[in-house]
There are 2 protein chains.
Amino acid sequence: MTARASRTQRRTRIQLENEQRILDAALDVFSLHGFRGSTIDQIAESAGMSKPNLLYYFRTKEAIHGELIGRLMEKWLDPLREMDEAGDPVQEIRRYILRKLEMARDYPRESRLFANEILQGAPRIEGVLKGPLKQLVDEKAEIIKRWMADEKLAKCDPHHLIFSIWATTQHYADFDVQVRAVLGTHKSGAGRFDDAARFLDFLFFDGLRPTGQSGKSSPS
Amino acid sequence: MTARASRTQRRTRIQLENEQRILDAALDVFSLHGFRGSTIDQIAESAGMSKPNLLYYFRTKEAIHGELIGRLMEKWLDPLREMDEAGDPVQEIRRYILRKLEMARDYPRESRLFANEILQGAPRIEGVLKGPLKQLVDEKAEIIKRWMADEKLAKCDPHHLIFSIWATTQHYADFDVQVRAVLGTHKSGAGRFDDAARFLDFLFFDGLRPTGQSGKSSPS
DNA sequence: TGTAATCTTTACCAATCGGTCAAAAATAAT
DNA sequence: ATTATTTTTGACCGATTGGTAAAGATTACA
């Protein structure tokens, strides 16, 4: 039995090191070119390793990608899991937005890997989306709905609220090239995310305020 | 000189037909797999055409992709161009959001093509982003800033406001698979976009209201 | 109808793709 | 030091890639 096949703990120091180097290089490549657009040679070269050597640790291209996606999905939903019904609704939502924005800032490759996967029809994670993801979102949407019923938040569709949080935060990772091109080079990287945090706080919490008076202008 | 090389009007009926078929098929394929992940054979088959026949109309894979991207960029920025300083600020922003959402609904392939291009580093449209796009956005951001100075809109960073509109609307095209997976199959396609329009109106215009009283809760 | 231009196909090419294999090199255990 | 094991390598495979050459089929036009 080859080394990598053993899921039974027995990992050499070299194994752990090289697996990490491969996954890191693969994250670079996959997040930039998508699954089909990436080649094993590219990943191997980026990892400073020969192709057969890489294939000694991961038997197929799918195996590398699958491992990355698996680890990603674990970490990706953590911020939403942390949303606590017992907490203050406004602070819970605010914290969720901030955590997601931090993840876009600190793990842009992971965000792009996920975006690539979804864009390309999510053939490899369809089950997760319709299963654990949907379940988690439905659960949290119920909590948000109760918050709204208790007048702690302005009423709106909680599912679409979650979508909008995903969209606005991940935008800073997925469309980073465009954001930087439009803002120009005068803004440092950190400054962009500070501005984004400030803006998102404005956008969501001048809309999500508990007090009821709406500013709608067309009574129609 | 081959037929397709002549940019000088002389297009046969067959040329126009086949070019359209090819571009339509290529839009399907490119928007789903990105540039590197798409193959000429795939596009040819999807267009019901042999590969050499396709290459008679477009000499390279890049040529097809370039033509698509070019036509896309034309249409893509129209809604923003239509934003009129002379109009009512709230209605102008509201209309822009609605137009962008309609484009996400009616041209999801184009949205995904663009997203793929940006995700993969925008190597083929970097110039457009830093040139015409940045110029247009800067121009409209100035208008929005003046609206805010005139107290017609709540004050915020206009660039990030535009980003958030892009992010929230295009999300419904680019992440459609995820949206459908989370919402489940009980919602028809049209209904999703109606809900989205309603929600986005809530999100932006309970925050972008002209009247100044903010609902911030942490006075710090 | 004849003919020139346009359109389509078959056969093919070199390069690259994901992946295999056996043997060599490095490492660890005794 | 010897052996057993793990790691690395170069040479190679069939399939697919983007693209070409040239001949055949079709069309437009006189």
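The sequence lines fix the lettering, A, B, ..., with proteins before strands; numbering per chain opens at 1.
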Problem - Value in whole Å for how far the C1' atom of C:dT8 lies from CD of B:E45 - result: 18 Å
Problem - A:L16 CG - D:dT7 C1' separation (whole Å) - result: 14 Å
Problem - A:D176 bridged to A:R180 by N-O distance under 4.0 Å - result: yes
Practice task
Please report the C-alpha distance between A:Y172 and B:H160 in whole Å, then the side-chain angles of each, then the deciding distance to 0.1 Å, and finally whether the ring pair (Phe, Tyr, Trp, His ring centres under 6.0 Å) criterion is met.
Solution key: CA-CA 10 Å; A:Y172 290 98; B:H160 287 270; 5.5 Å; yes
Exercise for the section: Examine C:dC7: is either OP1 or OP2 under 4.0 Å from a nitrogen or oxygen in the side chain of B:Y56? Give yes or no. Expected result: yes
Exercise for the section: Would you give the length of the straight line joining atom OG1 of B:T39 to atom CD of B:E45, rounded to the nearest 0.5 angstrom? Expected result: 9.0 Å
Fill in the blank from the handout: Contact string for nucleotides 16-22 of chain D, one letter per nucleotide 5' to 3', B = base within protein heavy-atom range under 4.0 Å, S = sugar-phosphate only, - = neither, reads -SBBBB-
Exercise for the section: May I ask you to evaluate whether A:N18 reaches the phosphate of D:dT8, defined as a side-chain N or O under 4.0 Å from OP1 or OP2? Expected result: yes
Practice task
Identify whether NZ of Lys or CZ of Arg in B:R124 sits under 6.0 Å from the centre of the six-membered ring of B:F35 and within 45° of that ring's axis.
Solution key: yes
Handout entry: N/O (side chain, A:N53) to phosphate O (OP1/OP2, D:dT7) under 4.0 Å
Key = no
Problem - B:R94 to B:F204, cation-pi by 6.0 Å centre distance and 45° axis angle - result: no
Problem - Any A:Q15 side-chain nitrogen or oxygen under 4.0 Å from OP1 or OP2 of D:dT6 - result: no
Handout entry: Pairing of A:D41 and A:K51 as salt bridge, 4.0 angstrom limit
Key = yes
Problem - Side-chain N or O of A:Y57 closer than 4.0 Å to phosphate OP1/OP2 of D:dT8 - result: yes
Exercise for the section: Begin from the C-alpha positions of B:H159 and A:D195 and carry the test side-chain hydrogen bond (donor to acceptor under 3.5 Å, both in side chains) through to its verdict. Expected result: CA-CA 10 Å; B:H159 283 95; A:D195 290 350; over 6 Å; no
Handout entry: Carboxylate-amine/guanidinium contact A:R95 A:E82, below 4.0 Å
Key = yes
Practice task
To the nearest Å, give me how far apart NE2 (A:H33) and P (C:dC17) are.
Solution key: 11 Å
Handout entry: Lys/Arg-Asp/Glu bridge criterion (N-O < 4.0 Å) met for B:R21, B:D24
Key = no
Exercise for the section: Using a cut-off of strictly less than 4.0 Å, decide whether B:S50 has a side-chain nitrogen or oxygen near OP1 or OP2 of C:dT8. Expected result: no
Problem - Sequence-aligned protein contact record of nucleotides 25-30 of chain C, with B where the base is within under 4.0 Å of a protein heavy atom and S where only the sugar-phosphate is - result: ---S--
